[in-house]
A.B. asks: 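Structure incoming, see below.
The figures that follow rest on heavy atoms only: side chains count, while hydrogens, waters and symmetry mates do not. Just follow the structure's listing: the first ligand is 1, and inside any ligand the first atom is 1.
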Amino acid sequence: MPTALITGITGQDGSYLSELLLKKGYRVVGVARRSSTINTERIKHLLDDISVVQGDLQDQGSLLALLEEYKPEEVYNLAAQSFVPTSWNQPALTGDVTALGVTRMLEAIRFVNPKIRFYQASSSEMFGRVQEVPQKESTPFYPRSPYGVAKMYGHWITVNYRESFNIFATSGILFNHESPRRGLEFVTRKISDGVARIKFGLAKDLRLGNLDSQRDWGFAGDYVEAMWLMLQQEHADNYVIGTGETHSVREFCEVAFSHVGLDYKDYVIQDERFYRPAEVDLLISDPSMARASLKWEPAVAFKELVIMMVDADLERLKKG
Ligand code: NAP
Ligand code: G4F
């Protein structure tokens with residue numbers, strides 16, 4: 001039975017990836033940092049089947065000890081300070097976790113077992129002020145936030161450990177992916193939760209920032225399959241993963257509100273507090289390399305994703 005070690009196990013992607021790897025017969029070891037309250041909501045249905053162990057990307061020794069003890073064949077580095085606005089308030093912490101944390105894991109691999117296959121969760125935020133439309137593996141980066149800068153470091157250190165030490169280190173450049181398990185602070189979940197609250201009379205309006213930015217949104221459940229496929233290839237590489245479609249925040253609102261028979265214009269208020277110091281206006285992927293080499297295709301389309309998220313929030317609030 002192969003062993004996979006996943007950092008960021010308590011996050012959105014950690015939960016979907018665990019489900020996938022369990023189905024494929026892996027032993028799953030999930031790394032969680034210490035917290036004063038239980039934060040395993042997204043993986044509570046898996047707790048009998050996976051091991052959740054303590055470790056932190058800010059602590060080199062903990063990573064070395066985990067690789068020594070659990071001897072994984074595959075490491076998926078999903079942990080990060082992943083919320084773009086927080087990266088302007090805590091830029092140094094974002095750099096330490098999201099950028100240097102990658103080096104710490106790669107160093108642990110280099111010292112404990114350089115044969116481990118490594119997946120780095122890179123991001124379309126690295127494209128930032130886009131230099132080419134659509135964005136593919138060769139598109140130059142132009143990050144627009146401390147988060148984007150930190151991810152760019154994580155990407156390049158992954159490429160460097162591949163080229164310097166011959167480690168199977170792969171970088172998945174994933175475009176936005178969402179689900180009912182998405183954190184409530186991200187715009188898609190903020191909208192689906194807002195729509196459900198308004199529908200049930202629990203809120204009167206929904207305050208958002210820039211409605212004109214465009215994102216290539218897919219379903220997280222589809223994207224973890226791409227992560228696994230990347231580690232099953234003969235050679236490590238960089239892969240862009242997305243749907244190849246883009247939609248504005250406004251369009252997301254239109255579909256979400258109209259699904260419950262409401263017009264978003266009656267409820268959405270634009271609030272300067274949610275604007276960013278620098279915006280990424282347009283992201284759209286060209287995932288042809290993933291399609292050709294990984295045979296990967298997203299299964300869930302934009303409208304289906306919006307409806308899935310709104311329905312899940314309606315159901316959650318109905319249950320109280
Ligand atoms: P998420 O829900 O925010 O999860 C982030 C995870 O990282 C959480 O489990 C968090 O633990 C953990 N973490 C944070 N700081 C840590 C530290 N110092 N040590 C160990 N763990 C730490 O993010 P996600 O949406 O699942 O995304 C997974 C990864 O893909 C992230 O690296 C993200 O930046 C990247 N990414 C995401 C997207 C997307 O659209 N979702 C697109 C491209 C790339 P706590 O629960 O304790 O906070
Ligand atoms: O949902 P968001 O916060 O996601 P963002 O910034 O695109 O980042 C996400 O995707 C990246 C991949 O490209 C990941 F790497 C990253 O970890 C994260 O998962 O914001 C999306 C868009 C932005 O343009 C933002 O300005 O929505 C706009 N927006 C408008 N009103 C808002 C709001 N975003 C948030 N979070 N909250 C608002 O009220």
A.B. asks: For residues 83-95, pull every pair meeting side chain to side chain donor-acceptor pair (under 3.5 Å), keeping only residues two or more places apart or in separate chains.
C.D. replies: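 Found Q81-T94.
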A.B. asks: Can you tell me which residue and heavy atom of the protein come closest to atom 10 (C) of ligand 1, and the distance to 0.1 Å?
C.D. replies: T10 OG1, 4.0 Å
A.B. asks: Which part of S122 is near ligand 1, with near meaning a heavy atom under 4.0 Å away: side chain, backbone, both or neither?
C.D. replies: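 The part of S122 near ligand 1 is the backbone, not the side chain.
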A.B. asks: May I ask you to check whether W217 and F186 place their ring centres under 6.0 Å from each other?
C.D. replies: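 For F186 and W217, the ring centres are not under 6.0 Å apart.
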A.B. asks: Quick check: do F127 and Y142 have side-chain heavy atoms less than 4.5 Å from each other?
C.D. replies: no
A.B. asks: Name the atoms and distances for all side-chain donor-acceptor pairs under 3.5 Å in residues 201-209, with sequence neighbours left out.
C.D. replies:
unit_1, atom_1, unit_2, atom_2, d
R207, NH1, D271, OD2, 3.3

A.B. asks: Between H177 and ligand 1, which residue portion shows a heavy-atom distance shorter than 4.0 Å: side chain, backbone, both, or neither?
C.D. replies: both
A.B. asks: Under a heavy-atom criterion of less than 4.0 Å, does G101 contact ligand 1?
C.D. replies: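 Judged by the 4.0 Å heavy-atom criterion, G101 does not count as contacting ligand 1.
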A.B. asks: Considering residues at least two apart in sequence or located in another chain, which fulfil the ring pair (Phe, Tyr, Trp, His ring centres under 6.0 Å) criterion with F274?
C.D. replies: none
A.B. asks: Would you confirm whether the ring centroid of F168 sits within less than 6.0 angstrom of the ring centroid of F118?
C.D. replies: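 Here the rings of F168 and F118 have centres that are no less than 6.0 Å from each other.
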A.B. asks: Kindly indicate whether the side chain of H155, heavy atoms from C-beta on, has any atom under 4.5 Å from the side chain of F141.
C.D. replies: yes
A.B. asks: Look up atom OG in S122 and atom OH in Y239, then write down how far apart they are to the nearest 0.5 Å.
C.D. replies: 13.5 Å
A.B. asks: Mind listing the N or O contacts between ligand 2 and protein, cut-off under 3.5 Å?
C.D. replies:
unit_1, atom_1, unit_2, atom_2, d
ligand 2, 1 (O), V187, N, 2.9
ligand 2, 3 (O), R276, NH2, 2.8
ligand 2, 6 (O), R276, NH1, 2.6
ligand 2, 7 (O), N176, ND2, 2.9
ligand 2, 7 (O), R215, NE, 2.8
ligand 2, 10 (O), N176, ND2, 3.0
ligand 2, 13 (O), S124, OG, 2.6
ligand 2, 13 (O), N176, OD1, 2.7
ligand 2, 17 (O), S82, O, 2.7
ligand 2, 17 (O), Y147, OH, 2.7
ligand 2, 19 (O), R182, NH1, 3.1
ligand 2, 19 (O), R182, NH2, 2.9
ligand 2, 20 (O), R276, NH2, 3.3
ligand 2, 24 (O), S213, OG, 2.7
ligand 2, 24 (O), R215, NH2, 3.1
ligand 2, 24 (O), E279, OE1, 2.9
ligand 2, 24 (O), E279, OE2, 3.0
ligand 2, 26 (O), R276, NE, 3.4
ligand 2, 26 (O), E279, OE2, 2.6
ligand 2, 31 (N), G209, N, 2.8
ligand 2, 34 (N), R276, NH2, 3.4
ligand 2, 36 (N), E185, O, 2.9
ligand 2, 39 (O), K190, NZ, 2.7

A.B. asks: Does ligand 1 have any atom that is closer than 4.0 Å to a heavy atom of Y147?
C.D. replies: yes
